[in-house]
Each structure stands twice: as C-alpha cells, then as structure tokens.
There are 2 protein chains.
Amino acid sequence: MNIAQHLSTHDIKPSYQRIKIYEYLYEKMNHPTVDLIYKNLVGEIPTLSKTTVYNTLKLFIDKGITSTVTIEDNEVRYDAIMDAHGHFKCTSCGAIYDIKYDFKDVAMNELKGFEVKETQVHVKGKCNQCLTNKN
Amino acid sequence: MNIAQHLSTHDIKPSYQRIKIYEYLYEKMNHPTVDLIYKNLVGEIPTLSKTTVYNTLKLFIDKGITSTVTIEDNEVRYDAIMDAHGHFKCTSCGAIYDIKYDFKDVAMNELKGFEVKETQVHVKGKCNQCLTNKN
DNA sequence: ATTTATATTTGTAACGATTACAAATTTATG
DNA sequence: CATAAATTTGTAATCGTTACAAATATAAAT
C-alpha cells in the first residue's frame, strides 16, 4: 500500500506528517487515541504538535479515510479501516478487537423509511485470553 | 411506577434531587445530556448544582438503573431504559430514536469464548420525517 | 532564481465538559 | 436536642479539544 498515493487519491496532499500519522493508524491497527499517536510519533518527528495530529485526523475524517470509535465515553479513538465493522473492548486488558457483523441484521426492520449513513457496534466484556488467565 | 421505591430497591436513598432527576430521565425518555437535565430542573429546584447532576447520574449507573449513550464523540447522554436496545440519531433534526435489535444477531459468531457484558448499537442518518420534509 | 502566494505546521491561549474537594445543608441516629 | 452521617452545593482544578495567529514549508509566477 502506497500511503502517499492513497492520500492523494482522496484529495489530501501527502505531507510528511500526514504520511506518518496515516502510516501509524494503518499499520498498527490499534485504534489509538490522539495522545497515543502523538507519543508514538514525537520521537521520530520531534517538532510534531498535538494540534497537527488533531488537524490531520479531522482532515482524514472529512475525506473519508478514517473514522472515529468511541467505546468509552471519555476517549475518542481512530481507525483507518473503513469497512463496516464493530469493536469489542476487553474491560480487563483494554485490548480492542475488530468484529464483523451482518449489517442487515442490525435493527433494519425498525428503520424502514430512514436513511442510514453510519452504524457503530460496540461490545464490552472480557476477552478469552483474560478469561483463561483469570484476570 | 413509584420512583422513590424504585430507587430504594436499588440501594439508593430517594432524596428530592435524586427523585426529580430520575423522574426527568424516565418520563421524558429524551436521552438528555447533563446540561439538559440541569437546565430543565433548575427552575423547579433553584439551588440545584450541576455537580449534583453528575454525582447522581454516576450513582444511578453504579447501581444499574441508568446507562450512558455516546452517539456523538463529544456528548454523553443518559438513558433510564436498561433493556438492550440501540439508538438512531437523525443528523438533520437531532432526534434520537430507540431501536430494537436482536442481540444474538450482532456478531456473536466472532465472540465465541468472550464474555459479553454490554452492547451498544448506534446508527446515524436521516429520519423519515426529515426525509419527507426535505430537511 | 527570486519573489509572491498558498498551504501546512506549530505553540499558546481559550474553551467546555468533567472531576476533586471542602464547606454548607439536610437527614438519620442516640 | 445533640451528634453523627449522608447529601448537596460552589469553587477551583483538570483534561481533552479547538481557535487563532505566527512560523515554516511548499507551490506558482515573474
């Protein structure tokens, strides 16, 4: 995957910071917060500003190559995977798993006559690892 | 529904403020924000403090008679309906609709071996009213 | 090339929602 | 009625996010 080209295709000029931020999102797939992105890149880009991370993510969202994930009320996370999918967050270890769901199964009866643009499915609980380790 | 009794049953002493806050949640069913609750009750309870609203909602959540709904990243809403259900938010008029969904249809294949405690389904788009009115 | 314009990044200050905390008030207990 | 405990309140602190203007980098024009 050529990131610069991917950005260009979506009408985003591929600056150094933008490439690095998208690269982090896309390769780590860890649904990071702004703070996590900043902390992981500031070593490599010492002049990086948190404002740039905010600006860049907002731009990515506007251009449709990033989405937000808000499982916990107080933390916004970001995701470069744009296919419809849900998230499971383990309340014990904090890990976030991507889960597939069948879009048409989710309440579509109730929404006849409505125009659906976006669906988010969030599940919380304990992951199998934490269950076997009794965390 | 006797609210004082409902609170007592859940180990919450039914103070005046708590009763009024729960009553608002339960009767309006409008998924209000803290601010909306405060603004709607301060007329009737002039000494009411926003901190009390926060404290009270946190208590309700701890005791399991209220849940949070975070459809938009930047606003937490509260709901006294505890049955599993999802929410549709109209991006045009802002109204929030409750929607039913079949729990077992939502990605349960993927979560074998996981312990599911909580599921949230959020859908955004335009409601039928706004579509016919071309809002 | 050099200047000029435009876009991007950066740092600081401002903002708003939430929380911490201690004083004031209310309710329960002896 | 006095004392203790619980609840409410107001203020200040905190944290994530945004506004804004200066600084820097990139592109376009001469």
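Sequence lines set the chain letters: A, B, ... in the order given, protein chains first and strands last, and positions in each chain run from 1.
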*Asks:* I'd like to check Leu25(B) versus Pro32(B) (side-chain heavy atoms, cut-off strictly below 4.5 Å). Are they in contact?
*Replies:*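 When only atoms from C-beta onward are counted, Pro32(B) and Leu25(B) do touch, with a gap below 4.5 Å.
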*Asks:* Under 3.5 Å, which donor-acceptor pairs do the side chains of residues 42-50 of chain B form with other protein atoms, sequence neighbours left out?
*Replies:*
unit_1	atom_1	unit_2	atom_2	d
Glu44(B)	OE2	Lys20(B)	NZ	2.9
Ser49(B)	OG	Thr51(B)	N	3.1
Lys50(B)	NZ	Asp35(B)	OD1	2.6

*Asks:* Working to the nearest 0.5 angstrom, can you tell me the gap between Leu57(B) CG and Thr33(B) OG1?
*Replies:*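 So the CG of Leu57(B) and the OG1 of Thr33(B) are separated by 10.0 Å.
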*Asks:* Which residue pairs pass the side chain to side chain donor-acceptor pair (under 3.5 Å) test when at least one of the two sits in residues 124-135 of chain B, sequence neighbours left out?
*Replies:*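 For residues 124-135 of chain B: Glu72(B)-Lys124(B).
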*Asks:* Should Glu75(A) and Lys89(A) be marked as a salt bridge (Lys or Arg N to Asp or Glu O under 4.0 Å) after you check the CA-CA gap, both sets of side-chain angles, and the distance that decides it?
*Replies:* CA-CA 13 Å; Glu75(A) 57 177 31; Lys89(A) 176 164 181 175; 3.0 Å; yes
*Asks:* Is there a donor-acceptor contact under 3.5 Å from the side chain of Thr70(B) to the main chain of Val76(B)?
*Replies:*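 Side chain of Thr70(B) to backbone of Val76(B): no pair is present.
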*Asks:* Give me the residues of residues 30-44 of chain A where at least one heavy atom lies under 4.0 Å from an atom of DNA chain D, by number, or none.
*Replies:*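 Residues of residues 30-44 of chain A under 4.0 Å from DNA chain D: none.
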*Asks:* Do we see a donor-acceptor contact under 3.5 Å between the side chains of Ser67(A) and Asp79(A)?
*Replies:*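 No pair is found: no donor N or O on one side chain lies under 3.5 Å from an acceptor on the other.
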*Asks:* Which residue pairs satisfy the ring pair (Phe, Tyr, Trp, His ring centres under 6.0 Å) criterion with at least one member in residues 49-77 of chain B, sequence neighbours excluded?
*Replies:*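 For residues 49-77 of chain B, and leaving out neighbouring residues, the ring pair (Phe, Tyr, Trp, His ring centres under 6.0 Å) pairs sorted by first residue read Tyr22(B)-Phe60(B).
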*Asks:* Find the distance Leu7(B):CG to dT7(D):P and express it as a whole number of Å.
*Replies:*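 Rounded to whole Å, this separation is 12 Å.
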*Asks:* Has Arg18(A) got a side-chain atom pairing as donor or acceptor with Lys13(A)'s backbone, closer than 3.5 angstrom?
*Replies:*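 Yes, because the side chain of Arg18(A) sits within donor-acceptor range (under 3.5 Å) of the backbone of Lys13(A).
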*Asks:* Mind checking which nucleotides bracket the chain A contacts on DNA chain C, 5' to 3', with an atom under 4.0 Å from a heavy atom?
*Replies:*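 Listing 5' to 3', DNA chain C meets chain A from dA7(C) to dT12(C).
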*Asks:* Tell me which residues in residues 50-65 of chain A lie within less than 4.0 Å of DNA chain C, going by non-hydrogen atoms.
*Replies:*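 Of all residues in residues 50-65 of chain A, the ones placing a heavy atom under 4.0 Å from DNA chain C are Thr51(A), Thr52(A), Asn55(A).
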*Asks:* side-chain contact (heavy atoms from CB on, under 4.5 Å) for Leu131(B) and Glu115(A)? Distances and angles first, verdict last.
*Replies:* CA-CA 8 Å; Leu131(B) 285 172; Glu115(A) 182 185 280; 3.8 Å; yes
*Asks:* Measure the distance from NZ on Lys13(B) to C1' on dA6(D) and round it to the nearest whole Å.
*Replies:*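 Interatomic distance, NZ of Lys13(B) to C1' of dA6(D): 6 Å.
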